[in-house]
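Throughout, protein chains are lettered first and strands after them, A, B, ... in sequence-line order, and every chain is numbered starting at 1.
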Amino acid sequence: MLEEALREISRGSAEIIDIERIEKLLKAFFDEGKNYTVKCGFDPTAPDLHLGHTVLLQKLATFQKYGAIVQFLIGDFTATIGDPTGKSATRKVLTKDDIIKNISSYTTQAFKILDESKTEIVYNNDWLEKLGAIGMLELSSTLTVARMLERDDFSKRFASQTPIAVSEFIYPLLQGYDSVHLKSDIEIGGTDQKFNLLMGRQLQKVYDVKKQQAVLMMPILEGLDGVQKMSKSLNNYIGVTDEANDMFGKVLSISDDLMWRFYELLSAKTLDEIAQLKIGVEDGTLHPKKVKEELSMEIVERFHSKDFAISAKEEFDKVHAKSQIPTDIPEFSCDGEIWIAKALLDCNIEPSTSQARRDIKQGAVKINQEKISDMQLQLSAGEYILQVGKRKFAKLKVN
RNA sequence: GGUGAGAUAGUCAAGUGGCCAACGACGGCAGACUGUAAAUCUGCUCCCUAUGGGUUCAGAGGUUCGACUCCUCUUCUCACCA
């Protein structure tokens, strides 16, 4: 039992520091039903979570299954400084209203995965604001510049003479101080957070918390392209609020290799079950597409519902496998005869008439499933299903 | 504060007076192929009812028959020095 718990907890992790501590905590839970705390910080800058963020949530949920109380830390104070991680530019400052709005959308999304009864939401502004200038000085005296420069990110930037703001030095300290205040037993985060996570250990020692948090780091999830990390700005993400059909299609579009990564980091299936699937695919008894469909269904079901998952799958088969027309397509109408290129533009499936002409020339445009090639085509009264490529559809009623 | 370099399409990045709607790369879109929206190959990638017209190369002026290219000012970025 303990062994299985440890296996599930370390599943997919990039690095664990002080696993002995985790083992002890688990043992205490299994033997005496003792709880412990797992801290995880979230930055309330963007309102929407994507699957990349849920890797951590998933891990927290696993911990909850084995007795953890999650400290869901909202970094409302630290958000105003900006974490230096991987960024050279200073980030824009958020207003209180923005933050409040972001947080509420955050937590509703997070509780689709986390057990609310085992989660404490805490805001670091509550204690960091009270720290004051003296407390801040005290805090910053615990660390030397040399030590700070050990951080990979800083040393690289220092060596290449990229500017480092002094406030950026403060960020890891504050994050570490959060762990002091919360007396966390374990903290989890992405691999890019290593330095900050270790700072928690260090400060807990300095401030005499009597225990040092164990640290578990999760790798950064790749985006749809399978190469770069999933992020909104790269537009390779699957948002947890994406529509069921979209979400299903996006998951299905990842490569077969990436699929296993998603299974490891996102699926609720056990490692044994996943190993079974892998064997099935390797010896040819299981079609990789089937396996991927299963993953897609699981993910859609988690963020929407089982019914949505089933209908998303049916819809996908209908449109892509049998190349039929989707059920829900936007409808438009217009008065009088209309030129085809203009019609495509009005129905929002082409950005300009120039683009529409190019696509007609290429044979990408279909009306009622029939390919057209006449650039000058006028649509007279009637109903038409317009289609560009495989994915863009519109229904147009010409009066 | 001083000095120097730079700002070109979604991004990176060529172009140093007409050959420029602007090389190339990435991204994006489409076609073929496929279990898939993956991989691969091919085409397209400012706008406009188009063998033509219009508006673009940080912004504002100027020189010129003609400017992304030269000059002046402005804004912003970056580097070096203090």
Rounded [atom1] spacing from [N] to [M] in Å:
N     : M     : atom1 : result
B/G66 : B/G18 : P     : 14 Å
B/G15 : B/G24 : P     : 14 Å
B/U63 : B/U8  : C1'   : 22 Å
B/G6  : B/U69 : P     : 14 Å
B/C20 : B/U11 : P     : 24 Å
B/G4  : B/A9  : C1'   : 29 Å
B/U56 : B/U45 : C1'   : 16 Å
B/A58 : B/C68 : P     : 10 Å

Answer with base, sugar-phosphate or nothing: what part of the nucleic acid does [X] contact at a heavy-atom distance below 4.0 Å?
X      : result
A/Q378 : base
A/G249 : base
A/S352 : sugar-phosphate
A/D256 : base

**Item:** Chi angles and distances behind the side chain to side chain donor-acceptor pair (under 3.5 Å) call for A/Q71, A/S184
**Value:** CA-CA 8 Å; A/Q71 299 171 320; A/S184 312; 2.8 Å; yes

**Message:** Could you check whether the side chain of A/R358 and the base of B/A30 have a donor-acceptor pair of N or O atoms closer than 3.5 Å, going by distance alone?
**Reply:**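 Flag unset: no donor-acceptor pair detected.
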
**Asked** According to a strict under-4.0 Å criterion, is A/S253 in side-chain N/O contact with OP1 or OP2 of B/U36?
**Response**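 False: A/S253 side-chain N/O out of range (4.0 Å or more) of B/U36 OP1/OP2.
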
**Message:** Does B/C48 have OP1 or OP2 under 4.0 Å away from a side-chain N or O of A/S354?
**Reply:**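 Answer is yes, contact under 4.0 Å.
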
**Message:** Show, in sequence, the C-alpha distance, side-chain angles and deciding distance for A/E8 and A/K65, and conclude whether the salt bridge (charged side-chain N to carboxylate O under 4.0 Å, His left out) test is met.
**Reply:** CA-CA 10 Å; A/E8 282 299 331; A/K65 223 165 86 187; 5.9 Å; no

**Request:** Verify side-chain contact (heavy atoms from CB on, under 4.5 Å) between A/M217 and A/I16, making sure each step is shown before the conclusion.
**Result:** CA-CA 6 Å; A/M217 279 164 275; A/I16 299 177; over 6 Å; no

**Request:** For A/V365 and for A/F316, locate the closest nucleotide of RNA chain B by heavy-atom distance; then report the residue assigned to the nucleotide nearer the 5' terminus.
**Result:**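 Final value for this comparison: A/V365.
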
**Message:** Both A/Q376 and A/K292 contact RNA chain B. Taking the nearest nucleotide for each, which residue is further toward the 5' end?
**Reply:**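 Closest to the 5' end, via its nearest nucleotide, is A/K292.
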
**Request:** Can you see which heavy atom on A/H304 is nearest to which on A/D242, and at what distance?
**Result:**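 In this case the closest contact between A/H304 and A/D242 is NE2-O, 2.7 Å.
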
**Request:** Could you check if a side-chain atom of A/F248 sits within less than 4.5 angstrom of a side-chain atom of A/M297, using non-hydrogen atoms only?
**Result:**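 Counting from C-beta outward, A/F248 and A/M297 do come under 4.5 Å.
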
